[in-house]
Amino acid sequence: MKFTAKFLLTIFAAVTFTANAAKPALDVNLDVEALANGDVNATLTITNNHQGQQKVLSWYTDLAEEHIFHVTRDGVEVQFMGPHYKRPAPTANDYIKLKSGESLTKTFELTSSYDMSEAGQYDVTYDVKSLHLYSNYGQQKKAEKHAIAGLTSNTQSVYLDGVLTKGTANKGKPGGGSGGGDCIDGTCFTGRCSNSQQTEIISALAAADGIANNAVSYLNSHSASNTSARYTTWFGTANSSRYNKAKANFEAINDAIDNQPVAFDCSCKKSYFAYVYPNQPYKVYLCRAFWDANELGTDSRAGTIIHELSHFDAVAGTDDVVYGQSGAKSLAISDPDQALNNADSHEYFAENTPNLN
């Protein structure tokens, strides 16, 4: 394997914001280095160079937790191969506090999370956006006054002459190409799902099918010019383009439940609800909060399945712009386009609690 050069790139970043968002004073430095062994390392340093304490949501400082880099090859975005989680809305404990002059530094290996297997020019940017990035305002009253905040670096380039990407063997295979496991009526299980867990999953999947069918029925019986509070609460003001996207997303979610080889893994011990790898349909990894949830209702097992299926690139390709009902309602008001890119918004529309039909 050959590299044409070894690069050490330094990116000094500016913090960017949408209107009405509070403006924390944080500086970002990103060093990117292509190593001789084929790995590409990115060292992220976030520094509070200003007076007073500043906060940032810890999820957006960890590549194992979130999709925090924007990577393109020859101008085309490359595939992110890491997990997308469903979490509860953040609490104060989820924020990193930086004193004046204090820095947070972390190093990440990029080729295990981004498809950098082909030769070409790779542009790398640290780029995160969330309603919750600097505070948990999304859980407060009048949250619609607060907009999505972002932390973005300048873009720098590195040329790679072919890197073998870790984790590509399963790319595009149903269920991540996992194989094996027990199967019941076409639904398969890995990660040592117990008999009771398998029964609960089958029941939750049937419940997810029911609320997905109801969502499709609603969207087929209404239109962009004839919506109700159910649509506007979770997706905001409708126009023909946004409404058609909502319909297409739920038709794809419903098709995944009805016609695709959905698989479940019970090995996750994190406190989250669940996660998926978007490029590995249709395998869902269930975590501790899933088992504590009700089958139907807000943040339910059925809704979690809707949320996670929407993440798959082969389904709706959603992201996690914001978590929780308050945040999702605020997002619908401030940015309807992003609401249609938000997995929790799809979940809450499908769960429909409280009932807004």
Side-chain angles (χ1 to χ4, degrees), residues 18-21 66-67 70 77 79-80 84-87 89 127-133 138 143-144 146-150 208 211-257 273-274 276 278-279 281 298-299 302-353 356-357:
T18 56
N20 299 326
E66 282 291 338
H67 176 12
H70 182 253
E77 186 172 2
Q79 193 170 47
F80 174 65
H84 270 303
Y85 292 99
K86 171 175 166 57
R87 305 180 178 91
D127 185 19
V128 297
K129 297 180 181 66
S130 174
L131 185 70
H132 300 307
L133 187 56
E144 64 272 11
H146 301 276
I148 298 171
I211 61 176
N213 284 330
N214 180 267
V216 170
S217 177
Y218 172 95
L219 291 166
N220 284 335
S221 62
H222 292 73
S223 67
S225 60
N226 178 33
T227 59
S228 71
R230 178 176 181 181
Y231 181 93
T232 57
T233 296
W234 304 117
F235 295 129
T237 303
N239 60 29
S240 59
S241 175
R242 287 196 288 262
Y243 197 84
N244 288 338
K245 181 175 177 61
K247 286 181 63 175
N249 286 355
F250 274 102
E251 286 170 356
I253 292 168
N254 201 37
D255 176 75
I257 295 173
F273 285 87
V276 299
N279 67 317
T298 301
D299 290 315
T304 295
I305 292 172
I306 298 290
H307 176 118
E308 295 303 334
L309 291 178
S310 78
H311 277 319
F312 289 120
D313 297 334
V315 181
T318 63
D319 208 334
D320 292 310
V321 183
V322 66
Y323 291 104
Q325 282 200 339
S326 294
K329 289 176 182 178
S330 299
L331 187 63
I333 294 169
S334 64
D335 197 334
D337 289 323
Q338 282 298 311
L340 284 162
N341 186 41
N342 188 49
D344 255 4
S345 302
H346 289 74
E347 174 178 344
Y348 297 139
F349 179 87
E351 289 174 338
N352 195 28
T353 52
L356 296 173
N357 279 328

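Computed over heavy atoms, backbone and side chain alike; hydrogens, waters and symmetry mates excluded.
A distance-only check finds a donor-acceptor pair linking the side chain of N244 to the backbone of S240 [under 3.5 Å]. Side chain of S310 to backbone of H307: a donor-acceptor contact under 3.5 angstrom is found. With N352 contributing its side chain and L356 its backbone, the two residues share a donor-acceptor pair below 3.5 Å.
What you find for A343 and T318 is that their closest heavy atoms are CB-OG1, 3.5 Å. Heavy atoms only, all atoms of each residue included: V321 and S130 are closest at O-OG, 3.3 Å. Heavy-atom minimum distance, V315 versus A256: CG2-CB, 4.2 Å. Closest approach of A328 to S345, counting heavy atoms only: CB-OG, 4.0 Å. Between R242 and P336, the shortest heavy-atom distance links the atoms NE-CB, 3.6 Å. Shortest non-hydrogen contact noted between P278 and H84 is CG-CD2, 3.0 Å.
Taking CG of N342 as the reference point, atom CD of E347 lies at 10.0 Å (rounded to 0.5 Å). Distance check: E351 CD to Q325 CD gives 7.5 Å after rounding to the nearest 0.5 Å. Expressed to the nearest 0.5 Å, how far OH of Y85 lies from CD of E308 amounts to 10.5 Å. Here CG of D319 is found 11.5 Å from CG of D344. Values are rounded to the nearest 0.5 Å. Between N341 atom CG and H346 atom NE2 the span is 8.0 Å, to the nearest 0.5 Å. How far CG of L340 is from NZ of K245: 6.5 Å, rounded to the nearest 0.5 Å.
Between K86 and D299, at least one side-chain N (NZ, or NE/NH1/NH2) sits under 4.0 Å from a carboxylate O, which counts as a salt bridge.
Inter-residue side-chain proximity for N254 and E251 is flagged as unmet; no heavy-atom pair is nearer than 4.5 Å. H67 is not listed as a side-chain neighbour of D320, based on a closest heavy-atom distance of 4.5 Å or more. L219 is listed as a side-chain neighbour of F349, based on a closest heavy-atom distance under 4.5 Å. At least one side-chain heavy atom of W234 sits under 4.5 Å from a side-chain heavy atom of K329. In this structure, the side chains of I253 and V216 stay at 4.5 Å or more apart for every pair of heavy atoms. Taking the side chain as every heavy atom from C-beta outward, N357 and R230 approach each other to under 4.5 Å. Side-chain contact between L331 and L131 is absent, with no heavy atoms from C-beta onward closer than 4.5 Å.
Side-chain rings of Y231 and Y243 approach one another, their centers coming within less than 6.0 Å. If you look at Y218 and F250, their ring centroids are not closer than 6.0 Å.
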(message) Would I306 and I257 count as a side chain to side chain contact (heavy atoms under 4.5 Å, CB included) here? Give the steps.
(response) CA-CA 9 Å; I306 298 290; I257 295 173; 4.1 Å; yes
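Scored by the side-chain contact (heavy atoms from CB on, under 4.5 Å) test, S217 finds no partners at all (sequence neighbours excluded).
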